[in-house]
Amino acid sequence: MYKLLACCSMASGISLQPKMVQASLGVQKQGNGHCTNVPRNVNLEKLQNNYLFPEISKRELQHLDKYPSAKVISLGIGDTTEPIPEKISLSMANYAHALSTAEGYRGYGAEQGNQVLRKAIAETFYKNVLIRDQEVFVSDGSQCDISRLQLLLGSKVTIAVQDPSFPAYIDSSVIIGQAGDFQDKTGKYQNIVYMQCGPENNFFPDLTTTPRTDIIFFCSPNNPTGHAATRKQLQQLVEFARDNGSIIIFDSAYAAYITDDSPKSIFEIPGAKEVAIEISSFSKFAGFTGVRLGWTVVPEELLFSSGFPVINDFNRIVCTCFNGASNIAQAGGLACLSSEGFQAICSVIDYYKENTKILVNTFASLGLKAYGGVNAPYVWVHFPGLKSWNVFSEILEKTHIITVPGSGFGPGGAEYIRVSAFGQRERIMEASWRLEKLISNEKALFNSVENKE
């Protein structure tokens, strides 16, 4: 339910208007030909029409149709741009080539992942918190694991999410049947608790007023705000979950970008093993957005209300729904965690961090409030009084730069855009110059920023 409204100015520019898709009686038949007697999944009817990032890709294509010679710079979806270090690429190439030999051929692997890789993940990222290799499940990416976890949890649990937050948490909750109906007035789903996380509360929810839910989705460093929760904040979150008998699903996909002393794993917090699952990824850590590799940690100490181990059920879900991550990708993962591979990856991460500094300084020089950018590859920019889709459209129209409208991450992002630091340096510099030129020359359009801060 996004309805395109084409208008001519930024104040009334192309915008996405939430529009609930009603139950089957209100849905018109689409397409021609024979219809089966199988009803559509009613939960899918409750989804907003287009998932955020494909919608942005569609608008980029529409822009290129309008301006075929435009040099579009994408600071939007958050896809990595720098080459995978050669040692890692060669490990995958060599593994793939070995498949052409009798000695090197391998078929199915363990659904839970290569045992050597599971051990390497545990030792590299969780050595000081004593995560066991059998608690690590290798996957084809953390976003896929979000849906597998939803299948594990079922439709009867209640959930809470940060607002703003990564849209897959909410959309997967809608699909599985947890969310209830979408409320046009609030821009929220009826049965989801939205935990406000903005600059006014240091991007951490007020847990004293947060209702109890079964599941708490929590991302740190956060996508989209870039905020990494402090140790004190995560201690409060774990204590809150323990007091309420809740499970935290902790997304640490951007932990490699943390530069201060913020925890990189929820399991650094005492007691977290009894209340948390952690999902993570090689995508932004190693540039594996196309290779596809991630992992989930389910501690043996984590139990359902009946006392049954959560890890046993998750193992069953994995074995039923998944044949294991690509052996070739897992060979790359092992190379990433070698001393040489890890050092090479850290150099690439440092490159992206430098890009982030350039973008933060650009927005700051223009008098804009820009958050994040220290512990994450994203900059969260505030445009008070302006709608994020209008800001997105104005920037795209005037500068040929793709960003992400903050409202795509929830109501809390309504006046923000997210800007990604993934890009080649010369394109980041060019984008900064274009943004400076636009915002400096369009003071009448953006002056509300200075007046309201």
Side-chain angles (χ1 to χ4, degrees), residues 1-2 18 20-21 40-57 77-78 137 139-183 187-195 197 213-220 222-224 241 246-254 266 276-281 283-284 289 292-298 302 304 310 313-318 320-322 325 404 407-413:
M1 18 313 314
Y2 283 118
M20 267 302 297
V21 176
R40 186 183 179 202
N41 183 333
V42 294
N43 294 323
L44 289 170
E45 293 180 1
K46 297 176 181 179
L47 282 171
Q48 304 300 289
N49 256 347
N50 292 320
Y51 187 66
L52 175 63
F53 301 114
E55 175 64 34
I56 291 171
S57 295
I77 292 177
F137 293 78
S139 71
D140 51 348
S142 57
Q143 186 161 349
C144 300
D145 278 343
I146 291 169
S147 293
R148 293 184 189 109
L149 287 168
Q150 291 284 26
L151 189 59
L152 166 79
L153 297 166
S155 62
K156 302 301 182 183
V157 297
T158 54
I159 75 158
V161 299
Q162 292 159 289
D163 182 25
S165 68
F166 184 50
Y169 311 143
I170 291 176
D171 278 17
S172 62
S173 299
V174 175
I175 292 170
I176 205 70
Q178 302 162 348
D181 292 330
F182 185 77
Q183 309 296 301
K188 301 177 180 180
Y189 282 94
Q190 180 180 8
N191 297 337
I192 294 178
V193 173
Y194 291 74
M195 303 182 296
C197 295
T213 59
D214 297 314
I215 307 300
I216 303 167
F217 282 96
F218 199 91
C219 180
S220 179
N222 178 265
N223 178 13
S246 305
I247 294 176
I248 302 164
I249 297 179
F250 188 82
D251 188 342
S252 64
Y254 299 94
I266 190 67
I277 294 169
E278 183 163 303
I279 56 176
S280 199
S281 171
S283 289
K284 310 302 168 64
T289 52
R292 307 307 307 147
L293 194 66
W295 71 89
T296 290
V297 177
V298 185
L302 183 64
F304 287 115
V310 175
D313 275 354
F314 188 67
N315 184 66
R316 180 60 183 268
I317 292 291
V318 168
T320 301
C321 302
F322 188 49
V404 181
S407 60
F409 298 98

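Bear in mind that the values here come from a model prediction, so they are computed numbers and not experimental data.
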Any non-hydrogen side-chain atom of [X] less than 4.5 Å from a side-chain atom of [Y]?
{"X": "Asn43", "Y": "Ile176", "value": "no"}
{"X": "Val404", "Y": "Ile77", "value": "no"}
{"X": "Ile247", "Y": "Leu302", "value": "yes"}
{"X": "Cys144", "Y": "Ser139", "value": "no"}
{"X": "Asp163", "Y": "Cys197", "value": "no"}
{"X": "Ile192", "Y": "Ser173", "value": "yes"}
{"X": "Tyr194", "Y": "Ser165", "value": "no"}
{"X": "Trp295", "Y": "Ile279", "value": "no"}

Do the numbers put Arg148 on top of the ring of Phe314, so that NZ or CZ is under 6.0 Å from the six-membered ring centre and no more than 45° off the axis?
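Relative to the ring axis of Phe314, which defines the angle, Arg148 lies outside at least one limit.
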
For Arg292, salt bridge (Lys or Arg N to Asp or Glu O under 4.0 Å) partners two or more places apart:
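Residues passing salt bridge (Lys or Arg N to Asp or Glu O under 4.0 Å) with Arg292: none at all.
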
Suppose we screen for side-chain contact (heavy atoms from CB on, under 4.5 Å). Which residues come up paired with Ala168, at least two apart in sequence or across chains?
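Expected list: Tyr51, Gln143, Ile146, Phe166.
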
Donor + acceptor pair across side chains of Asp214, Thr158 (<3.5 Å)
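Per modelled atom types, Asp214 and Thr158 side chains form a pair under 3.5 Å.
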
Any donor-acceptor pair under 3.5 Å linking the side-chain atoms of Tyr254 with those of Asn222?
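Not at all, the side chains of Asn222 and Tyr254 share no donor-acceptor pair under 3.5 Å.
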
For Phe137, is there any backbone N or O sitting under 3.5 Å from a side-chain donor or acceptor partner on Thr296?
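Side chain of Thr296 to backbone of Phe137, a donor-acceptor pair under 3.5 Å: no, none is there.
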
Rounded to the nearest 0.5 Å, what's the gap from OG on Ser281 to CG on Asp251? Could you check?
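That separation rounds to 8.5 Å.
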
Please identify which of these residues, Gln183, Gln178, Gln48, meets the side chain to side chain contact (heavy atoms under 4.5 Å, CB included) condition with Tyr189.
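Single pass found, and it is Gln48.
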
Do Ser172 and Gln150 pass the side chain to side chain donor-acceptor pair (under 3.5 Å) test, and can you show the C-alpha distance, the side-chain angles, and the key distance before you say yes or no?
CA-CA 7 Å; Ser172 62; Gln150 291 284 26; 3.0 Å; yes

